[in-house]
**Student:** 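Please read through the structure below; I'll follow up with questions.
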4 protein chains.
Amino acid sequence: MKNKNRDKHKRIINAATKIFAQKGFFQAKVADIAKEAQVADGTIYLYFENKDDILISLFEEQMNRVLEDMKTQVLKEEDAVKKIEKFAFNHLKLVELNKNVAEIIQVELRQSSKFMKEYKNEKFHEYLNLIGDIIKEGQKEGIFKEGIIPGIAKRAFFGALDEMSRFWVLSSRKKYDIETAAKQISDYFLTGLVNNSHQT
Amino acid sequence: MKNKNRDKHKRIINAATKIFAQKGFFQAKVADIAKEAQVADGTIYLYFENKDDILISLFEEQMNRVLEDMKTQVLKEEDAVKKIEKFAFNHLKLVELNKNVAEIIQVELRQSSKFMKEYKNEKFHEYLNLIGDIIKEGQKEGIFKEGIIPGIAKRAFFGALDEMSRFWVLSSRKKYDIETAAKQISDYFLTGLVNNSHQT
Amino acid sequence: MKNKNRDKHKRIINAATKIFAQKGFFQAKVADIAKEAQVADGTIYLYFENKDDILISLFEEQMNRVLEDMKTQVLKEEDAVKKIEKFAFNHLKLVELNKNVAEIIQVELRQSSKFMKEYKNEKFHEYLNLIGDIIKEGQKEGIFKEGIIPGIAKRAFFGALDEMSRFWVLSSRKKYDIETAAKQISDYFLTGLVNNSHQT
Amino acid sequence: MKNKNRDKHKRIINAATKIFAQKGFFQAKVADIAKEAQVADGTIYLYFENKDDILISLFEEQMNRVLEDMKTQVLKEEDAVKKIEKFAFNHLKLVELNKNVAEIIQVELRQSSKFMKEYKNEKFHEYLNLIGDIIKEGQKEGIFKEGIIPGIAKRAFFGALDEMSRFWVLSSRKKYDIETAAKQISDYFLTGLVNNSHQT
DNA sequence: TATGAATGAGAATTCATTCAT
DNA sequence: CATGAATGAATTCTCATTCAT
């Protein structure tokens, strides 16, 4: 019984993930999701309050998974530099493995402040703070410059990765492979664009 | 007559900018825009094909302005490093001055691939390429590392600035001032987070 | 312009009157009303907030008419006895002339306390009070017994007439004619059933 | 087993009585009734054909009780005058004791002709005929005027009582007590409003 | 050109009823 | 007999777009 419930809930979430990614929240019809999940339209409402609730639940659940994944991976690394590199690689990897989820989070999450005023996206902040914590740790260890403001740096780093993923998500084929992109981006942040050996 | 036309067109674009920023594209009603622009609902359709067209035109026109602005500003600087710094500052400045425009570009532009399949967002690519060109120029001059892939770096830099603006746009009050944020972000990209004087 | 608006408003009210009377409020579809009124479904919502609002407006407007009618008629009579008789006749006459309106007021009005909690049916109370006033007047003139409680008597009299109309409204053909019914009912109330010449 | 069945049937009827009275037939959900009766939604359909059938059964059963009650009480009285008085008092008493039943009969019964075309409300006519019989009896005995048409008078009397009950049922508190109201109403019908000692 | 009343297709949601367990 | 999860038909209301004035 519990299993079947779980199963249907999951089927709906998965269907919604696919449909929302395909069409976007507003253009996705509840009927589309039901069809994809192979349940009746009404069944959706046994598991979710309304259309908004599907999106919110989807966020929560997927973000939970992503968060766990990332935490585990990052903790494996010892120093802050490695952690940053790992984060970059992992983020892009996760995006590749969950294109639909990524697309929704990228595209629809941004609207959250519009259509779900009360919904505070805590999971997202947790995710951002993983970066913030690495930076603070790096500063404590003297590896990262003192002047860096973690609240800005975490966003900058996330934004860089995010824009890269968007590029992938929205274009059909990848121009650069994950390893390259991750290495490039973490390198920019770690050592900068400027050529140190160059003398002006 | 031509003037009057221009005037009404502009009034509608401005109204749409405000309304779209406020409610998002899908939740903004054409009637809302008409009201804000102080024209009749039907009048909108004398100047625009349909609702989508309002959004597209808005992008084009606003992006044109932004592009011109940015080009002029960046050209004033001599070397690539200064140009990067200027770009960062200017971008955030523009966001502050055109909160509504920024919000639309941030939130709604992302959906563009969804609801306007055929619309290729060239202006945005031009904007991105401003960064790409600075980087290439820097590389040519030997200031920037050779290994940097401009196609990736331009996105990373834009993404960093963009995430910062989103933070501003979506939160009501700014935690960091523009100068600080711009300096921080361009510094990350120019010289990295890593403390060079630190010996491991 | 004003005329056309009035016209459509009226057409919708009339259509609603017919449809509500035929099927009852809950089983009447807005689409039915629109069809009957020969307007598009959406047009209804230019003139009324929602389905409830149609019913409420209908009440208000029809009751206004009925109230005016009745006031004028009753005022023509001089003494309370004649007024009571006139009221009875007029009430039944109005019911006959506006079968649909009567049916709605009879059948649907009763539910008002259920689905429109906030709607205070003042018109109906005004109507009831027309009877109450006649009774008080009769008492003041010494024609009616002092012990009569107008608050009860007005309801009793109205109830008697109303039940009679319900009988007519719900059955297809009238068993008794209006004059007879009105005379009978007002006689019951004026002089009672008891045969005074009879000696126990 | 039979007992248990009866019990569940009764529980459902009682629950339905409460819920219908509270919300009205159309706004009452079968699930509400099931919950109130502490049975599963599906169980209802083991005892009743459908939602309509619940209402019809409810009428039948409750009206049977009311009818029996009233017959017994009225038969105790000897003459027609007393019987009328008794009927009035009893009716109002029954309404008070079974507010929910009264509310349903008052509000929902009126719609019966709409949603259950084939359902002929015989019990109600039996109830009405109790009054009719008293009147005929009174006429036979010479107590009541010959000119009175029982078919009209029974409705008038019932309507008067019914309107009074509606007033009670729909308002939260009673303004007049039962004895007063019953006495007033039966007096109106027995001896009329007109003051016989008054000389015009 | 400008208007805004009218249109009607479209979508979310509800809930009586069924049926596998 | 009892359950309650699942169904899907049905209905209200919205809003982009049109068109007569």
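Naming convention: chains lettered A, B, ... in sequence-line order (proteins, then strands); numbering from 1 in each chain. These figures come from a predicted structure and were not determined experimentally.
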**Student:** Taking only side-chain nitrogens and oxygens of B:Y47, does any of them come within less than 4.0 Å of OP1 or OP2 of E:dA2?
**Tutor:**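 So the side-chain polar atoms of B:Y47 do come within 4.0 Å of the phosphate oxygens OP1 or OP2 of E:dA2, strictly under.
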**Student:** Which is more 5' along DNA chain E, the nucleotide nearest A:A31 or the one nearest D:E49? Just name the residue.
**Tutor:** A:A31
**Student:** Do you know which of D:Q62, D:R65, D:E103 makes side-chain hydrogen bond (donor to acceptor under 3.5 Å, both in side chains) with D:N98?
**Tutor:** D:R65
**Student:** If you only use heavy atoms from C-beta on, which nucleotide in E:dA12, F:dA16, F:dT12 is closest to the side chain of C:K29?
**Tutor:** F:dT12
**Student:** F:dG8 P sits how many Å from A:I44 CD1, rounded?
**Tutor:** 13 Å
**Student:** Check the distance between F:dC15's P and B:Q27's CD and give it to me in whole angstrom.
**Tutor:** 9 Å
**Student:** Can a side chain N or O of B:K8 be found less than 4.0 Å away from OP1 or OP2 on E:dT1?
**Tutor:**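 No, no such contact exists.
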**Student:** More 5' along DNA chain F: B:D41 or A:A40, using each one's nearest nucleotide?
**Tutor:**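 The residue mapped nearer the 5' terminus is A:A40.
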**Student:** Give a yes or no answer on whether the side chain of A:T43 reaches the backbone of A:V39 with a donor-acceptor pair at less than 3.5 Å.
**Tutor:** no
**Student:** Which of the following nucleotides, E:dA2, F:dA6, E:dT17, is nearest to the side chain of D:N50?
**Tutor:** E:dT17
**Student:** Quick check: does any side chain N or O of B:K51 sit under 3.5 Å from a backbone N or O of B:A28, one acting as donor and the other as acceptor?
**Tutor:**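 Confirmed, B:K51 side chain pairs with B:A28 backbone.
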**Student:** Mind checking if C:A34 touches a base, just sugar-phosphate, or nothing, with heavy atoms under 4.0 Å?
**Tutor:** nothing
**Student:** Whole angstroms only, please: what is the CD1-P distance between D:I33 and E:dC15?
**Tutor:** 13 Å
**Student:** Identify, with sequence neighbours excluded, every residue that meets side-chain hydrogen bond (donor to acceptor under 3.5 Å, both in side chains) alongside C:N100.
**Tutor:**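 Listed in chain order: nothing, the list is empty.
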**Student:** Roughly how many Å is it from CG in D:D52 to C1' in E:dC15, rounded to a whole number?
**Tutor:**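 To the nearest whole Å, that distance equals 14 Å.
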**Student:** Students often mix this up, so state it plainly: with edges at 30° and 60°, are the rings of A:Y47 and A:H9 parallel, tilted or perpendicular?
**Tutor:**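 Taking A:H9 first and then A:Y47, their aromatic rings stand perpendicular (interplane angle over 60°).
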**Student:** Could you please name the option among E:dA16, F:dT7, F:dT12 that lies closest to any side-chain atom of C:Y45?
**Tutor:**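 Nearest listed nucleotide: F:dT12.
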**Student:** Which is more 5' along DNA chain F, the nucleotide nearest D:Q38 or the one nearest A:Q38? Just name the residue.
**Tutor:** D:Q38
**Student:** Can you spot which of D:K18, D:K23, D:Q27, D:Q22 makes a side-chain hydrogen bond (donor to acceptor under 3.5 Å, both in side chains) with D:D32?
**Tutor:** D:K23
**Student:** How many Å lie between CG on A:D53 and P on E:dT13, as a whole number?
**Tutor:**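 So the two atoms are 10 Å apart, to the nearest Å.
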**Student:** Between C:I19 (CD1) and F:dT11 (C1'), how many Å, whole number?
**Tutor:** 15 Å
**Student:** From A:I54 CD1 over to A:I12 CD1, what is the distance, rounded to the nearest 0.5 angstrom?
**Tutor:** 7.5 Å
**Student:** So what's the dot-bracket for DNA chain F: Watson-Crick or G-U pairs under 3.5 Å, [ ] if a pair crosses, | if it pairs off-strand?
**Tutor:** .||||||||||||||||||||
**Student:** Between C:H9 (NE2) and E:dA5 (C1'), how many Å, whole number?
**Tutor:**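 Taking atom C1' of E:dA5 as the reference, NE2 of C:H9 is at 16 Å.
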**Student:** Starting at atom CG of A:L46, determine the distance to atom C1' of F:dG4, rounded to an integer number of angstrom.
**Tutor:** 10 Å
